[in-house]
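Residue numbering restarts at 1 for every chain, and letters A, B, ... go by the order of the sequence lines. Since the structure is predicted, the reported quantities are computational estimates derived from the model, not experimental observations.
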Number of protein chains: 2
Amino acid sequence: MTTAETREESLSIGETAERTGLSVHALRFYEREGLLVGPVRRTTGGRRRYTAVDVDWLLICVKLRESGMPLADLKRFAELVRRGPGNEPERLRLLDAHQQRVDAQIRALEECRSVIAWKVGVYAEHLARGEAEGLWDPRA
Amino acid sequence: MTTAETREESLSIGETAERTGLSVHALRFYEREGLLVGPVRRTTGGRRRYTAVDVDWLLICVKLRESGMPLADLKRFAELVRRGPGNEPERLRLLDAHQQRVDAQIRALEECRSVIAWKVGVYAEHLARGEAEGLWDPRA
DNA sequence: CTACGATCTGGAGCGCGGTCTAGATCAAGT
DNA sequence: ACTTGATCTAGACCGCGCTCCAGATCGTAG
């Protein structure tokens, strides 16, 4: 097998980086910061081996980060999961609060988009007229 | 008039901050960075006075920033406007490119939202069952 | 055995977008 | 005249989220 992988359902840090979109630096950083649920397994030589469960968790992390969840909240979430069953209500509250923020963010972006679209329209119309005259608003 | 304003259609930096949502620090910072189209007028005493045109531009800036436009692009846009008529196609390209990014961002956020919503659903369902048994996925 | 690329650790450094401080000045109320 | 609060400038500083470096080690292909 040329492209190592050992087929033991575990991946090297490089492969994990590829699959998650995170850099190897970021993966080590996340681990140091306590953002992973379990400790990452290691080979006898000390190299990290990521399981499918690790990768799934990382993919969730990526989505939460991408939608703006701060690392501190992600860490809190990881801690809750790490502590095991019993705190599901708190996990739910955390996710739910984040979802609200995402919704608000989407609404804000949509408003921005409409303002920008209007500006684009102003210029497009201006140019369609053959840019003969300057825009009425000197700062448009 | 107790709450100064002089009614000469110009605002102090503090009033401008209130109306735009930017801090007075940010207003001075934006000015230093060349993000404003024209030089801000000053009183004889050296205090800034913002006109309605200034405020309108700032409101656009706020929307562009809120939707993720980097200060460098905003600066570029301000420069184009400052140079006056003739470069409208370039302004349009700049805005249009940004709009594309905003659209992509909205789509990305919507995907994140659906992943999060699914996770929330998993927890909600689990809790509805009376949290009798742990989640099948130890890292959910 | 050798070589080369991937990975390791600890810690420094960075880009962005402001934020804050110090010390002075201005302007308005009393 | 005095006090009080807003504003001024220049420049230092900050939080976040990585990113990069040095120097050592691992591990696989040839």
5′-ward residue of the pair Arg28(B)/Pro70(B) relative to DNA chain C: Pro70(B)
Rounded distance (Å) that lies between atom C1' of dC8(C) and atom OH of Tyr50(A): 11 Å
Any side-chain heavy-atom pair of Ser12(B) and Arg49(B) under 4.5 Å: yes
Under-4.0 Å side-chain N/O to phosphate OP1/OP2 contact, Tyr30(A) with dG17(D): no
Closest to the Leu71(B) side chain, choosing from dC20(C), dC18(D), dG18(C): dG18(C)
CD on Glu33(B) to CG on Leu71(B), rounded to 0.5 Å: 7.0 Å
Between CD on residue Glu110(B) and OG on residue Ser67(A), distance to nearest 0.5 Å: 12.5 Å
Spacing of Met69(A) atom CE relative to dG17(D) atom C1', expressed in whole Å: 16 Å
Short side-chain N/O contact from Arg48(A) to OP1 or OP2 of dT7(C), under 4.0 Å: no
Atom pair distance, as rounded to whole Å: CD1 in Ile13(A) and C1' in dC26(D): 14 Å
Ser23(A) or Thr44(A), whichever maps to the more 5' nucleotide of DNA chain D: Ser23(A)
Nearest-angstrom distance from the residue atom CD of Glu31(A) to P of dC18(D): 15 Å
Below 4.0 Å: OP1/OP2 of dC26(D) and any side-chain N or O of Thr43(A): no
Aromatic ring proximity, centroids under 6.0 angstrom, Trp57(A) and Phe77(A): yes
Sugar-phosphate only, base, or nothing, as touched by Arg42(A) at under 4.0 Å among non-hydrogen atoms: sugar-phosphate
Atom-pair distance (CZ on Phe29(B); P on dA10(D)), nearest Å: 15 Å
Arg65(B) CZ - dG17(C) P separation (whole Å): 5 Å
side-chain contact (heavy atoms from CB on, under 4.5 Å) partner of Leu36(A), the single match among Asp54(A), Leu27(A), Leu58(A): Leu58(A)
Short side-chain N/O contact to dT7(D) OP1/OP2 from Ser12(B), under 4.0 Å: yes
Value in whole Å for how far the P atom of dT9(C) lies from CG of Leu27(A): 13 Å
d(CG, Leu11(B); P, dA6(D)) in whole Å: 16 Å
Polar pair under 3.5 Å, donor/acceptor by atom type, side chain Arg47(A), base dT25(D): yes
